[in-house]
Each structure stands twice: as C-alpha cells, then as structure tokens.
Amino acid sequence: MSTVYYVTLDAKPERNLLRKFEVSLEIACEGEIVSRKDLVAVKLHFGERGNLAFVRHQFVRTVVDIIKKKGGKPFLTDTNTLYVGSRSCAPDHILTALYNGFGVEQTGAPVVIADGLRGESKVRIPIEGETTKEAVIGSEIYAADAMITITHFKGHELSGFGGTIKNLGMGCAAREGKLFQHSTVSPFVDPEGCIACGKCVAVCPGGAIAIVDGKAHISSEACIGCADCIVICPEGTIKVNWNEASESVMKKMAEYALGAVKGKEGKVLFINFITQVSPYCDCYGFNDVPIAPDVGICLSTDPVAVDQASVDLVLEKMGGEDPFRKTHPHIDWEIQLAHAEKIGLGSRSYELKKIE
C-alpha cells in the first residue's frame with residue numbers, strides 16, 4: 001500500500017499554505033529522491049496563453065528551493081505540443097512560460113524544453129505494454145537523474161480526468177509519441193448540426209478539415225487526433241466514438257507513463273494540485289468554470305496512488321457525485337488507473353496521511 005500525503009487548504013498566519021506545502025515536500029522527499037548534484041527535471045504544464053488554471057509559480061519555487069537544499073540542480077521542463085498553439089516549438093514554448101510567470105527570477109530555475117526545437121529530440125525506451133513496445137520520450141527528461149512532477153488535477157475530454165498519469169504519459173512524450181497516443185481519435189461531423197462556420201477548419205493543425213458542399217468534412221487519413229475541433233465547434237456537432245478512442249488513449253498514456261519513469265526508480269515524486277478543477281485540459285487557451293470545489297494538494301512516490309487519492313478526494317468533497325463523468329459522460333476514467341496498476345506503474349491502494 002502506497003503512502004499519499006494530503007495537504008489541506010486551511011491555513012493560518014503562522015502556517016500559510018506555502019509553508020504547509022514546504023513541510024509536505026520535506027517529508028515526501030526523505031531518502032534518495034534528490035541526491036547531491038542530481039539534475040532534477042521539474043515536469044509541469046506552463047499553461048497555454050489565455051489559460052489561467054495552471055499551478056502558481058510560487059509553489060514551483062518552493063519545489064525548486066527544496067531541490068537546491070538537497071544539493072540538486074533543478075530545471076523546469078515540458079515537451080512541445082502536437083497541436084499548433086503557443087507551445088508548439090521551443091522558442092514559443094519558452095516565451096509562453098515566461099509570460100505565465102515561470103521565469104528564473106520567479107522560480108529560481110531555468111526552463112529547458114525536453115524535446116528540442118520542434119519536438120524531434122527524443123529517446124526510444126523499450127517497454128512491455130499491451131499497445132506500446134517503445135515509448136518515445138523527450139531527451140532531457142530521459143537524461144535527468146531525478147524528476148518531480150507538478151500536475152494541475154482537472155477534467156479531460158479524452159481521459160475523464162487529467163492527473164499525474166497524463167502529465168507523465170502525454171506530457172513527457174516527444175511529438176511522435178503524442179501522435180501515437182492520439183492515433184485512434186478521429187472525429188466525424190454530424191451534418192445535421194453543421195453550419196459550416198469554418199472554426200474547425202481554422203483550428204485544425206493537421207489540415208484535415210474542409211468545407212465540402214456546405215458542411216465540414218474530416219479526413220481520417222490526415223487527422224492527427226488532437227481533438228481540438230471537438231472543443232471549438234460551437235454547435236457540438238463534431239463527435240468521436242469515445243468508448244473506443246478514449247480507452248485506447250488511456251492505455252497508451254499509462255504505458256507511456258511507465259516509459260517516462262523507467263530508469264528513475266526511487267528518484268521520482270508526484271504532486272497533484274486539486275484546485276481550480278477545470279473541465280478541460282490546460283492546453284486550451286481558456287479555462288472554464290471549475291466543476292468541483294478546491295480540495296488540496298496530494299504528494300506520493302506512486303503515480304497511480306496519487307491520482308486515485310485525488311479523484312477519491314474530489315468525489316468525497318462532492319458528496320459522491322462524480323463531476324468527471326458528469327462532464328464527460330462517455331468516458332470511463334477508471335480505465336487509466338486500472339491499466340496503470342496492471343502494467344506495474346503503481347498501486348490503486350494507498351494510505352492517506354493528512355498534513356493540516
């Protein structure tokens with residue numbers, strides 16, 4: 001049974017939330033997670049421009065300071081996006097990180113994009129997965145001696161919720177790996193509702209959508225499976241066979257997460273911030289009204305346990321109501337947890353230790 005530390009959000013002048021978080025880090029980082037002179041990847045999501053749900057830089061600074069205290073050398077990192085946005089190449093990605101407050105002055109650590117200029121700096125890591133035989137991971141994440149992931153726990157249109165498993169599996173993958181994981185997500189247009197507004201055409205990074213005879217049409221051959229068109233469609237007329245697509249994405253994502261931590265056994269810590277629980281991924285240039293109240297912060301050396309505890313705490317806070325299934329009714333989010341446990345990424349059984 002894994003240990004998950006749970007930092008509650010109540011605070012006092014003499015023990016504010018940053019101090020409580022610092023205490024939890026000191027406890028969770030006991031042992032050899034960070035050793036002297038380790039190059040430590042702090043894996044986070046810098047947020048798309050316009051999105052404001054990402055984790056605040058003050059918390060990142062606290063993580064950086066703990067790493068330095070232990071003699072490590074931290075760097076902030078993420079991989080470039082599959083879709084066209086403000087983080088699709090390293091120069092834009094770094095500028096977005098700076099714009100959103102993740103400069104070295106604020107955080108105490110430099111930003112290093114893990115998969116290079118255009119997502120082509122990668123390492124192939126052999127794994128024994130059900131759908132994946134090698135995970136294509138960003139080179140700098142692979143090369144790091146240790147890693148601490150900082151994840152905004154939220155809803156997600158492909159996996160029900162996005163937590164540590166997604167931050168590892170999708171977030172550590174180079175562009176080739178992201179494309180592999182999305183390969184079954186090919187949307188179609190319901191012609192009855194399509195008004196040919198062209199918004200899906202404009203947003204599609206693969207050039208897979210065209211207006212034909214007054215209706216949008218998606219080429220499954222050209223589609224890269226990013227699902228941007230589904231969220232952007234104002235009529236809700238772009239759809240996916242979610243039962244098949246989401247299950248495949250979640251299994252691949254869990255297997256890629258296994259690849260991302262391979263070789264770093266005992267050298268990784270996972271942190272979920274269960275705050276501002278938005279309905280969709282932070283990859284969009286907006287964040288909608290939260291679907292659940294703020295819960296707190298969870299930390300663990302087990303990526304499966306930290307996600308299981310996080311979703312359990314949300315459900316408890318909601319009185320048993322499931323905001324993730326309510327928001328994404330066709331997605332069974334338990335698949336990612338069950339598959340991750342099956343392949344040996346971690347355990348769904350945990351002991352919760354409160355830090356109040």
Side-chain angles (χ1 to χ4, degrees), residues 2-7 24 28 42-47 51 53-55 59 63 78-79 147-173 178 181 246-247 249-261 268-284 287 290-318 322-328 331-343 345-350 352:
S2 300
T3 299
V4 177
Y5 298 99
Y6 169 40
V7 183
S24 71
V42 180
K43 170 63 181 77
L44 68 156
H45 191 305
F46 298 115
N51 190 299
F54 50 83
V55 177
F59 291 110
V63 172
D78 197 4
T79 54
M147 178 164 60
I148 295 179
T149 67
I150 299 176
T151 304
H152 172 223
F153 195 81
K154 62 216 166 282
H156 196 275
E157 56 278 11
L158 291 178
S159 53
F161 70 79
T164 287
I165 295 172
K166 181 185 179 295
N167 193 9
L168 283 172
M170 199 69 72
C172 292
K178 287 181 170 68
Q181 291 178 68
S246 67
E247 179 176 355
V249 169
M250 283 188 276
K251 286 185 175 181
K252 291 177 179 179
M253 193 170 71
E255 291 169 9
Y256 257 70
L258 187 65
V261 299
V268 190
L269 177 68
F270 310 100
I271 308 169
N272 278 351
F273 282 78
I274 318 165
T275 56
Q276 207 167 347
V277 185
S278 48
Y280 302 110
C281 182
D282 292 345
C283 290
Y284 297 109
N287 53 286
I291 57 176
D294 289 354
V295 173
I297 308 166
C298 284
L299 307 87
S300 181
T301 55
D302 184 329
V304 182
V306 79
D307 273 359
Q308 183 69 66
S310 297
V311 75
D312 287 346
L313 286 166
V314 170
L315 297 186
E316 180 183 337
K317 193 81 169 181
M318 295 284 290
D322 188 337
F324 306 113
R325 294 187 195 276
K326 184 177 180 180
T327 307
H328 307 289
I331 298 176
D332 179 6
W333 49 256
E334 287 198 63
I335 290 171
Q336 61 176 298
L337 295 168
H339 192 66
E341 184 176 52
K342 178 183 176 182
I343 62 176
L345 182 62
S347 172
R348 296 180 70 178
S349 299
Y350 62 91
L352 196 67

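Worth saying up front: this structure is predicted, and the values here are computed from it rather than measured.
- With rounding to the nearest 0.5 angstrom, the CD1 atom of Ile297 is 10.0 Å from the OH atom of Tyr6.
- Applying the ring pair (Phe, Tyr, Trp, His ring centres under 6.0 Å) rule to Phe273 yields the partners Phe21, Phe59; only residues at least two apart in sequence or on another chain are considered.
- Every residue meeting the side-chain contact (heavy atoms from CB on, under 4.5 Å) condition with Asn287, not counting sequence neighbours, appears here in chain and number order: Asn51, Leu52, Ala53, Gln276, Ser278.
- Applying the ring pair (Phe, Tyr, Trp, His ring centres under 6.0 Å) rule to Phe153 yields the partners Phe161, Phe324; only residues at least two apart in sequence or on another chain are considered.
- Between Ile343 and Lys251 the shortest side-chain heavy-atom distance does not fall below 4.5 Å.
- Nearest heavy-atom pair across Asp302 and Gly346 is OD1-CA, 3.3 Å.
- Listed by chain and residue number, nothing satisfies the ring pair (Phe, Tyr, Trp, His ring centres under 6.0 Å) test with His339 (two or more places apart in sequence, or in another chain).
- Scanning both residues, Cys172 and Ala260, for their nearest heavy atoms gives CB-CB, 3.8 Å.
- The side-chain hydrogen bond (donor to acceptor under 3.5 Å, both in side chains) check on Asn272 picks up Thr164, Asp307, Ser310, with sequence neighbours excluded.
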Stepwise side-chain contact (heavy atoms from CB on, under 4.5 Å) test for Leu315 and Asp322: CA-CA 6 Å; Leu315 297 186; Asp322 188 337; 3.8 Å; yes
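- At distances below 3.5 Å, at least one donor-acceptor pair connects side-chain atoms of Gln336 with backbone N or O atoms of Ser159.
- Side chain of Gln181 to backbone of Gly169: a donor-acceptor contact under 3.5 angstrom is found.
- Summarising the geometry of Tyr280 relative to His328, their closest heavy-atom pair is CE2-CE1, 3.7 Å, with the distance given to 0.1 Å.
- With respect to Lys342 and Glu255, no salt bridge is recorded, no charged nitrogen being found less than 4.0 Å from a carboxylate O.
- Looking at every heavy atom in both residues, Met250 comes nearest to Ile335 through CE-CB, 3.9 Å.
- Judged as a side-chain contact (heavy atoms from CB on, under 4.5 Å), and not counting sequence neighbours, the contacts of Glu341 are Ser347, Arg348.
- Taking the side-chain contact (heavy atoms from CB on, under 4.5 Å) definition, one finds that Ala292 meets it with Val277, Val314, Met318, Pro323, sequence neighbours left out.
- Ala254 approaches Leu345 most closely through the heavy-atom pair O-CD2, 4.1 Å.
- Note: Leu269 CG to Met147 CE = 10.5 Å, rounded to the nearest 0.5 Å.
- Note that CD of Gln308 is 10.0 Å distant from CG of Leu313, once rounded to the nearest 0.5 Å.
- The closest side-chain heavy-atom distance from Val55 to Leu44 is not below 4.5 Å.
- In this model, a donor atom of one side chain and an acceptor atom of the other lie less than 3.5 Å apart for His152 and Asp282.
- Contacts of Lys326 classified as side-chain contact (heavy atoms from CB on, under 4.5 Å), with partners at least two apart in sequence or in another chain: Glu321.
- Of the inter-residue distances, the one linking Glu157 atom CD with Cys283 atom SG reads 8.0 Å to the nearest 0.5 angstrom.
- In this structure, OG1 in Thr151 is found 10.5 Å from CD1 in Ile274, a value given to the nearest 0.5 Å.
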Residues Cys281, Lys166; criterion side-chain contact (heavy atoms from CB on, under 4.5 Å); working and verdict: CA-CA 10 Å; Cys281 182; Lys166 181 185 179 295; 3.8 Å; yes
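- Residues passing the side-chain hydrogen bond (donor to acceptor under 3.5 Å, both in side chains) test with Lys178, sequence neighbours excluded: Thr79.
- Between Pro303 and Val261, the closest side-chain pair of non-hydrogen atoms is not below 4.5 Å.
- Scored by the salt bridge (charged side-chain N to carboxylate O under 4.0 Å, His left out) test, Asp78 finds Lys43, Arg87 as partners (sequence neighbours excluded).
- In this view, Asp312 satisfies the salt bridge (charged side-chain N to carboxylate O under 4.0 Å, His left out) rule with no residue, not counting sequence neighbours.
- In this structure, Thr275 has no side-chain hydrogen bond (donor to acceptor under 3.5 Å, both in side chains) partners at least two apart in sequence or on a different chain.
- At a threshold of 4.5 Å between non-hydrogen side-chain atoms, the residues Arg325 and Glu334 count as touching.
- Rounding to the nearest 0.5 angstrom, the gap separating the OH atom in Tyr350 from the SG atom in Cys298 is 8.0 Å.
- At least one side-chain heavy atom of Ile165 sits under 4.5 Å from a side-chain heavy atom of Leu337.
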